[in-house]
Novice: 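Here's a structure for you.
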Amino acid sequence: MRFIIGKEMANILGVEDIPEIRNTSTEKGKGELSSPVGFMMARKLKKRPDEITKELAEALSSRSWAERIEHKGGFLNIYLSPFFLLQHLYGLSKGKYEEIAQFTPQYKKRIQVEYVSANPTGPLHVAHGRGAAVGSTLVNIFKHIGLDTTAEFYINDGGEQIKKFALSILERVKEIKGLPFDIESIDGGYKGEYLKDIAEKLLERHPNILDMPQSKALDTAAEFGIALMLQDQKEVLKTYKVEFDVWRSEKDIRREGWVEKTINLLKERGLTYESDGALWLKTTVFGDDKDRVLIKKNGEYTYFAVDVAYHFEKHSRGFDIVYDIWGSDHYGHIGRMKAAMKGLGLPDDFLQVIVIQIVRFLKDGEPIKMSKRAGTFTLLSELIDLVGVDAARFYFLMYSPDNSMDFDLDLAVKKSMDNPVYYVQYSYTRALSLKRKAEEASVTVPTLDEVKKALEMYTPSEEEKLLLINLADIRYQLMLSAKNLSPHYIVNYAKDLAGMLHSFYQSKRVLDAESDSARVFRMALIDRFVEVMGLLHDLMGIEKKEHM
RNA sequence: GCACCUGUAGCUCAACAGGUUAGAGCGCAGGCCUCCGGAGCCUGAGGUUGGGGGUUCGACUCCCCCCAGGUGCACCA
């Protein structure tokens, strides 16, 4: 809706750029929408700001969408026709998201979002919860506005960690068998209790595992443990409303020869050299602080080498933009990866890393120490059991990913009204309950024609218009989240809408309204609220509750 | 030391592409149900946007310099 108006302004002024239109509905005396178009265009058009806005106000005031237009210096303050807004909202379910998608840099690109990508050497940790919530919501938004998006999980089932994992499992098998065992001797070994479960199940399947040759035993343990952990991760993610289109295995990347292919290409480009028995990539040429090892002196590929190959493979699959969602602890990986992408001749905007800042979990007001090595970590599944999927997701989504956050477990456990997720869910339930009551009373949702007639008789109040204009802003809000790569815009938007619904609900009766026309208008408003708020629930991945 | 993130009301956070008087929630003070769900609503107090310069008609927003907190700087992943 903002775009429609912005485009009309641009047409009248004969300029290319669509002027900024702000939602000023909650501010007094600035209209419902407002644009600093006079200031923005003054230089270009060589006119005074107030001349421009005066001209626009005159030209636009006859438009059907305009109820009233004021010009104040360089600002144009617009009051919209309620019918126009409802008409817009009635057309919402039919899609037409193209016109907002084109304001995002991802428009008409093939995009991939890779996130979570946890090691399959253990269950998902609570810290995975934030990236999972952010990633899945971004993907939901991208897909909803029609961007060509693939959600991908990279299974790190190759490399050094897997060896340590397999060794650790075998030690636990020895333990169960009553044989001497020693986990401490494994450098970076896995000490979590869950390894005993894996070992037990492994013994059931392969009772003779310890009689196998060492390398076969390790392979068997690794394969078995990975399958089990992956299964566990998939189940938790499903509960957590996180879905992937593609699960890509590191082992397959290696097996398909992508690493050799990639390294050869880098060699051809003269970007590698040997030193200390290792093969190095000249990432410093592309702005990295130091060069990085591709092949260790023991002949194995580094994680970095495989990851570069994986991203080269992504490009070969035809993606234009790849978003990797990483925790801030992987920050050091970014510079070298971007340098490697440049070395491979990929476009500058191909790899974009969304860095999620750290989450601290507070218990009794104190941060909990969490470490995989020590085996004392808290699981994502435990967090879900504790606070529920809705609260967990909502809490993670509320904050900008740039912001480090504290997750107060005591507060979340309380399920008290401090928790904004209830406030938002309650608004949906309340509106839905009203629709249910209406249905019982045989009051139907009006057609657009009925709304039009009703609005000839009825003038909406402040609360009603506020809710209306903000509902109609849904697509702009989705565009903001998509463009700025953060779900927190739509979460705050949902909180605002919920407040407006409650405020409206408190001040006006719907079913026993003072007039037929008022009831028709309000029924339309409630119906559209359920539509928009329902969509927001779906995108955020929280439950739409019929009853609370 | 270098790089990145953060610093906004007592607390937790917003603020769109630089735009008109910096907004919410919690907490605090007061008020509101004969009534469609009070898990709600209304009113109020509360701010030198960490500090200092600069650019601009206009700066929380952009640039520079400081200060404070966090994270990262592996032939680990």
Side-chain angles (χ1 to χ4, degrees), chain A residues 2 17-24 26-30 34-40 42 49 72-75 77 103 117 119 121 156 159-162 164 187-188 276-280 289-290 292-298 300-307 327-335 355 357-358 360 398-406 408 411 415-420 422-423 425-427 429-438 440-441 443 463 476-477 479-480 483-484 488-489 491-492 495-496 499 501-513 526 547-548:
Chain A
R2 297 198 212 179
D17 301 338
I18 293 178
E20 179 186 350
I21 312 269
R22 300 173 70 83
N23 180 346
T24 42
T26 56
E27 298 168 65
K28 290 255 185 303
K30 299 183 188 175
S34 184
S35 174
V37 56
F39 291 117
M40 292 175 77
K72 193 167 130 195
F75 293 99
N77 297 333
F103 286 90
S117 298
N119 285 339
T121 52
N156 294 131
E160 206 64 32
Q161 290 302 314
I162 297 299
K164 292 172 181 168
D187 179 32
D276 295 332
L279 185 74
W280 295 72
D289 326 332
K290 51 176 284 195
R292 307 288 168 175
V293 172
L294 291 169
I295 303 177
K296 302 184 224 176
K297 66 179 161 204
N298 67 7
E300 287 175 4
Y301 299 126
T302 56
Y303 174 82
F304 170 63
V306 184
D307 211 21
S328 59
D329 54 334
H330 285 66
Y331 167 73
H333 200 53
I334 298 175
V355 178
Q357 291 300 318
I358 201 166
R360 292 194 312 171
M398 261 172 28
Y399 307 99
S400 160
D402 292 338
N403 225 324
S404 57
M405 61 171 276
D406 287 341
D408 189 331
L411 196 73
K415 297 199 171 184
S416 68
M417 52 192 151
D418 309 350
N419 200 333
Y422 293 108
Y423 185 78
Q425 284 181 310
Y426 181 54
S427 75
T429 308
R430 217 176 190 186
L432 198 66
S433 153
L434 192 52
K435 271 188 80 175
R436 206 160 42 223
K437 278 260 159 39
E440 285 164 15
V443 176
E463 295 93 346
Y476 192 89
Q477 299 293 332
M479 187 277 290
L480 278 181
K483 179 178 169 178
N484 296 315
H488 83 273
Y489 291 91
V491 177
N492 285 310
K495 286 201 285 188
D496 289 344
L501 185 277
H502 289 312
S503 181
F504 155 71
Y505 186 92
Q506 209 78 27
S507 69
K508 297 287 185 237
R509 309 284 300 167
V510 177
L511 297 182
D512 42 354
I526 288 291
H547 302 279
M548 291 182 76

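In this text the structure is predicted, and so the values were computed from the model without any measurement.
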Novice: Distance between the C1' atoms of rA59(B) and rC16(B), in whole angstroms?
Specialist: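 That atom pair is separated by 15 Å.
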
Novice: May I ask you to verify if any side-chain N or O of Tyr489(A) is less than 4.0 angstrom from the OP1 or OP2 atom of rA15(B)?
Specialist: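 For rA15(B), OP1/OP2 do have a side-chain N/O of Tyr489(A) under 4.0 Å.
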
Novice: Using Watson-Crick or G-U wobble pairs with both distances under 3.5 Å, give me RNA chain B in dot-bracket, 5' to 3', with [ ] for crossers and | for pairs to another strand.
Specialist: (((((((..((((.....[...)))).(((((.......))))).....(((((..]....))))))))))))....

Novice: Apply ring-ring contact (aromatic ring centres under 6.0 Å, His included) to the pair Phe39(A) and Phe75(A), showing each step before the final yes or no.
Specialist: CA-CA 8 Å; Phe39(A) 291 117; Phe75(A) 293 99; 5.3 Å; yes

Novice: Taking 4.0 Å as the cut-off, does a side-chain nitrogen or oxygen of Lys437(A) come that near to OP1 or OP2 on rG37(B)?
Specialist: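 Yes, such a contact exists.
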
Novice: Taking the side chain from Thr429(A) and the backbone from Met548(A), do they hold a donor-acceptor pair closer than 3.5 Å?
Specialist: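 No; judged by distance alone, with no hydrogens or angles, the pair does not exist.
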
Novice: Look at Asn119(A) and rC76(B) and indicate whether a side-chain polar atom (N or O) is within less than 4.0 Å of OP1 or OP2.
Specialist: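 It does not, given that no N or O in the side chain of Asn119(A) lies less than 4.0 Å from OP1 or OP2 of rC76(B).
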
Novice: Distance check: side-chain N/O of Ser404(A) vs OP1/OP2 of rU6(B), anything under 4.0 Å?
Specialist: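 False: Ser404(A) side-chain N/O out of range (4.0 Å or more) of rU6(B) OP1/OP2.
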
Novice: Does Lys296(A) make a side-chain N or O approach to OP1 or OP2 of rA74(B) shorter than 4.0 Å?
Specialist: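 So the side chain of Lys296(A) is outside the cut-off, no N or O lying under 4.0 Å from OP1 or OP2 of rA74(B).
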
Novice: For the P atoms, the ones on rC32(B) and on rG51(B), what distance do you get once it is rounded to whole angstrom?
Specialist: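 Between the two P atoms, the distance is 41 Å.
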
Novice: Determine the Euclidean distance between corresponding C1' atoms of rG40(B) and rU61(B); express it in Å to zero decimal places.
Specialist: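 Nearest-Å result for rU61(B) against rG40(B) at atom C1': 35 Å.
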
Novice: Are Lys72(A) and rG19(B) close enough that a side-chain N or O sits under 4.0 Å from OP1 or OP2?
Specialist: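 Result: no.
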
Novice: From rC16(B), rG37(B), rG72(B), pick the nucleotide closest to the side chain of Tyr476(A)?
Specialist: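 The listed nucleotide nearest to Tyr476(A)'s side chain is rC16(B).
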
Novice: Would you mind classifying the nucleic acid contact of Asn298(A) as base, sugar-phosphate or nothing, using non-hydrogen atoms under 4.0 angstrom?
Specialist: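 Asn298(A): no heavy atom of the nucleic acid under 4.0 Å.
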
Novice: Would you list the protein and nucleotides 42-46 of chain B atom pairs, both N or O, that sit under 3.5 Å from each other?
Specialist:
| from | atom 1 | to | atom 2 | distance (Å) |
| --- | --- | --- | --- | --- |
| rC42(B) | OP1 | Ser503(A) | OG | 3.1 |

Novice: Could you tell me whether the phosphate oxygens of rC75(B), OP1 or OP2, come under 4.0 Å of any side-chain nitrogen or oxygen in Arg292(A)?
Specialist: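 No, because none of the side-chain N or O atoms of Arg292(A) sits under 4.0 Å from OP1 or OP2 of rC75(B).
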
Novice: Do Ser433(A) side-chain and rG37(B) base share a donor-acceptor contact under 3.5 Å?
Specialist: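 In this structure, the two groups form a donor-acceptor pair.
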
